[in-house]
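Just follow the structure's listing: the first ligand is 1, and inside any ligand the first atom is 1. The basis for the numbers below is simple: all heavy atoms, side chains too, and nothing from hydrogens, waters or symmetry mates. If you're wondering where the values come from, they're calculated on a predicted model, not measured in any experiment.
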Amino acid sequence: MAIIIDGKATSLAMKEELKGKIDAFISQTGVTPGLAVIIVGNNPASAVYVRNKENACAAVGIHSETFRLAEETTEEELLALVRKLNADEAIHGILVQLPLPSHISEEKVIASISPKKDVDAFHAENVGHIMIGNYHFLPCTPAGVMALLERYGIEVAGKHCVVIGRSNIVGKPQAMLLLEKNGTVTVCHSKTKNLADITRQADILVAAVGRARFVRADMVKDGAVVIDVGINRLADGTLCGDVDFEAVKEKAYAITPVPGGVGPMTVTMLLYNTLTAAKESLK
Ligand code: GUN
């Protein structure tokens with residue numbers, strides 16, 4: 001039976017540490033880190049994430065403002081709000097919850113966020129910094145995965161790391177972060193041939209597919225570290241990841257559960273990025 005990598009406990013410990021850092025920053029500078037979160041429309045999953053972010057900000061002493069905009073908000077209205085927040089000195093981080101309604105260009109909106117306030121690290125300028133390895137912000141989910149590996153003493157250097165998924169939010173930046181830690185990285189995706197042959201070679205397997213229980217036990221090497229980024233809702237309403245947890249935990253050295261694995265880490269990394277943005281704003 002594998003070590004269960006506890007993202008909930010790890011994120012609580014990290015938030016505790018962060019709260020101390022934020023208290024010290026506020027008393028040294030008189031500046032309270034501020035995060036603006038914008039949500040457009042009525043996506044129920046997004047509404048839950050945004051509420052989690054508000055609660056997490058309150059718990060560590062970050063000032064947060066949430067803008068809940070109607071589904072029929074125009075692209076120009078949203079861009080105008082981002083421009084206003086770019087210029088707002090009390091706001092150090094801006095997060096526009098994705099997905100946006102289909103009549104709004106996510107690309108345009110991300111490009112409009114000041115790179116200095118882009119706590120998601122989605123702006124092309126920040127993506128470029130990550131490629132070069134010279135960055136202030138890391139995208140929250142891949143950064144959360146790296147923090148879990150580090151806190152559980154899992155060495156990346158020299159390991160074969162296989163990432164399933166190539167999204168801009170997770171798969172691509174995850175591959176870059178593993179590479180930066182000297183992993184040997186393979187990125188698989190929906191057109192990959194002989195996927196299971198590749199995943200069976202993984203020392204560290206990261207699943208970011210978006211399909212419930214996609215990774216079966218026969219796709220995993222004995223003793224592998226398995227990181228599950230998926231959050232899928234089954235027909236009966238329960239959450240499950242991209243990995244068949246019950247079967248894979250019997251084979252893996254360590255595995256993240258869903259819920260309680262990577263998910264809580266994502267919000268924690270957002271809070272760290274907000275403090276970083278506030279610090280950088282004073283330079
Ligand atoms: N939607 C799903 N994950 C994310 C995320 O990390 N940031 C934003 N802005 N939207 C998301």
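- Not a single side-chain contact (heavy atoms from CB on, under 4.5 Å) links Thr184 to another residue, sequence neighbours left out.
- In this structure Arg233 satisfies the side-chain contact (heavy atoms from CB on, under 4.5 Å) test together with Leu239, sequence neighbours excluded.
- For the pair Ile130/Leu138, a side-chain contact is recorded, criterion being any heavy-atom separation below 4.5 Å from C-beta on.
- Minimum heavy-atom separation, Asn86 to Lys117: O-NZ, 2.9 Å.
- Within a 6.0 Å sphere centred on NZ of Lys181, other residues, nucleotides and ligands contribute 12 heavy atoms or fewer.
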Cut-off 3.5 Å, no hydrogens considered: what does the side-chain donor-acceptor table look like for residues 24-38, sequence neighbours left out?
from, atom 1, to, atom 2, distance (Å)
Ser27, OG, Asp23, O, 3.2
Ser27, OG, Ala24, O, 3.2
Thr29, OG1, Phe25, O, 2.7
Thr29, OG1, Val31, N, 3.0

Give every pair formed by an N or O atom of ligand 1 and a protein N or O atom closer than 3.5 Å, one pair per line with both atom names and the distance to 0.1 Å, or write none.
from, atom 1, to, atom 2, distance (Å)
ligand 1, 1 (N), Gln97, NE2, 3.2
ligand 1, 1 (N), Leu98, O, 2.9
ligand 1, 7 (N), Asp120, OD1, 3.0
ligand 1, 7 (N), Asp120, OD2, 3.4
ligand 1, 9 (N), Val96, O, 2.8
ligand 1, 9 (N), Asp120, OD2, 2.7
ligand 1, 10 (N), Leu98, N, 3.0

